[in-house]
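Quick notes on the structure that follows.
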Amino acid sequence: MTVENFGFKSGAGIMELPVSLSIPKLVRSVPRMLANFGIGTLAAVLGIAILAGGALLLVRAVPEQKFVEYRMSEPQDAPIAIAAGTDGSIWFTIDHADAVGRLRNGRVERLPTSSRNIEPLGLAVAADGSAWYTDLGARAIARINSGGEIARFVLDTPITRLGRLAVAPDGAAWFADPTGYGMTRLKDGVFTRYQIESARGGPYGVAVTADGAIWATLQNGNQLLNIAADGTGRTFDLPRGGAVPTDVAVGSDGSVWFLQFRANRIGRFKDGQFSDVEAGRENAGLSGIAVAPNDDVWFGMLRRASLGRLRNGHIAVFALPRDNARPFSVAVDRDGNVWYADISGFVGMLPARHAGAR
């Protein structure tokens, strides 16, 4: 593995966060608790109250929508990450399962992986229709093609903790690598690690732009990280201390959208300026973010059993059909349908015609 140290600077005066928080009682209604990720991830801080302060934006309650949901065939299955392919397939990972899920033509498939995965947070679909995912149990990044064939690329660290994953236009898989406090690129079977100098890095979310630039969130550092297409890196301190940035996505206009879990806000970084919108008075348990073709920003609300949509500075809440729903990850497909992985045992979809409702 090649290691490149760019000497990313860490902002001063940022609150240090615990690095070994466990998943709270909130998600214990699922068949089993997710494994302790041990790096202060989104799931690990669900029990923390939001910080006070900031103006409240009115959250509109949207009438019940026509969701389509698919129950998992195995009662213990807990879908974690979800991604949409260009061919219409929806892929998802399953915690503590020896399978990867795929939904095609209204049918859920379980593709065997020969080994049990643990907290598979990273998932992305490449242009060729194959899916890349983090395989914590095997200490590897894995690729599964449309025929179900799997290739694993094993990391060189004896203990591995992995965050989210994204696929760049050149086919490289980028993933958050908290073990080495950096971002790692996998291309043609070769790992290249971009190490963050600060031990407070805590990378978690990953997004890729059309020109191949990488954006990531550094939870413990309370920063955004940018790695340009030429390999140069830079960090940006969030203006709101202790916000805990988690998932991240990039819009068509270059806006970098990210969740601020502890601050209960949706953040935006554009043209060197930060802004954010509050998701409500109570901590909604924000998890998962995706930008739709029309630039609506979608995210999960674990504590509210809902999906949220941010449009033109206003948040709309779409209540899921079940009170115990826990939407952990979201994705938007080519047609504008909004998909979510529900750790209580479902994969669901809000059709585009309802997702656009005002």
Side-chain angles (χ1 to χ4, degrees), residues 8-24 26-27 34-51 80-81 119-122 134 136 159-166 174-184 193-207 214-227 233-250 256-269 274 276 279 283-289 299-300 302 328-329:
F8 298 142
K9 293 183 178 180
S10 180
I14 301 299
M15 180 191 306
E16 295 285 357
L17 299 174
V19 294
S20 58
L21 299 174
S22 60
I23 290 178
L26 173 64
V27 296
L34 301 178
N36 180 359
F37 199 54
I39 59 166
T41 64
L42 169 61
V45 290
L46 291 176
I48 300 176
I50 71 169
L51 299 178
I80 302 296
E119 200 166 298
L121 298 171
T134 55
L136 201 62
I159 299 175
T160 302
R161 294 173 295 173
L162 301 171
R164 299 292 198 179
L165 178 151
W174 286 83
F175 56 96
D177 184 4
T179 306
Y181 289 101
M183 298 298 301
T184 300
R193 178 177 290 148
Y194 294 79
Q195 190 170 347
I196 304 163
E197 188 175 71
S198 170
R200 295 187 302 161
Y204 178 80
V206 188
I214 306 300
W215 285 94
T217 56
L218 305 181
Q219 290 184 313
N220 297 348
N222 208 53
Q223 297 169 315
L224 292 182
L225 164 67
N226 174 245
I227 301 176
R234 185 180 179 187
T235 55
F236 300 88
D237 295 336
L238 270 60
R240 196 174 296 277
V244 186
T246 54
D247 285 304
V248 62
V250 180
V256 181
W257 296 95
F258 58 97
L259 302 182
Q260 299 176 79
F261 182 81
R262 183 176 286 183
N264 199 43
R265 289 173 176 266
I266 312 300
R268 181 186 186 222
F269 184 67
F274 282 98
D276 61 23
N283 191 332
L286 304 178
S287 180
I289 191 169
F299 50 94
L302 283 158
F328 190 80
S329 299

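Phe299 has its side chain out of reach of Asp247: every pair of non-hydrogen atoms, C-beta onward, lies at least 4.5 Å apart.
Considering CG of Leu259 and CG of Leu286, their distance stands at 5.5 Å, rounded to 0.5 Å. Expressed to the nearest 0.5 Å, how far CG of Leu162 lies from OG1 of Thr160 amounts to 6.0 Å. Atom CZ of Phe175 is separated from atom CG of Leu121 by 13.0 Å, given to the nearest 0.5 angstrom. One finds the CG atom of Leu165 at 11.5 Å from the CG atom of Asp177 (value rounded to the nearest 0.5 Å). Annotation: the span from Ile214 atom CD1 to Tyr194 atom OH amounts to 9.0 Å, rounded to 0.5 Å. Taking OG1 of Thr235 as the reference point, atom CG of Asn222 lies at 11.5 Å (rounded to 0.5 Å).
Considering only residues two or more places apart in sequence or on other chains, Trp257 meets the ring pair (Phe, Tyr, Trp, His ring centres under 6.0 Å) condition with none of them. For Phe236, the ring pair (Phe, Tyr, Trp, His ring centres under 6.0 Å) partners two or more places apart in sequence, or in a different chain, are Trp215, Phe269. In this view, Ala81 and Thr93, Leu123, Arg164, Ser329 satisfy the side chain to side chain contact (heavy atoms under 4.5 Å, CB included) rule, not counting sequence neighbours.
When all heavy atoms are compared, the tightest approach of Leu302 to Ser287 is CD1-CB, 3.6 Å. Between Val248 and Gly205 the shortest heavy-atom distance is CG1-C, 3.6 Å. Residues Phe258 and Pro245 approach most closely at CD1-CB, 4.2 Å, considering heavy atoms. Shown here for Leu238 and Leu224, the closest heavy-atom pair between the two residues is CD1-N, 3.7 Å. When all heavy atoms of Gly182 and Pro203 are compared, the pair lying nearest together is O-CG, 3.5 Å. Here the closest heavy-atom approach between residue Ala216 and residue Met183 is recorded as CB-SD, 3.7 Å.
A side-chain donor-acceptor contact under 3.5 Å links Thr179 to the backbone of Arg161. Between the side chain of Asp276 and the backbone N or O of Arg268 there is no donor-acceptor pair closer than 3.5 Å. The closest donor-acceptor contact from the side chain of Asn226 to the backbone of Gly233 lies at 3.5 Å or more, if one exists at all.
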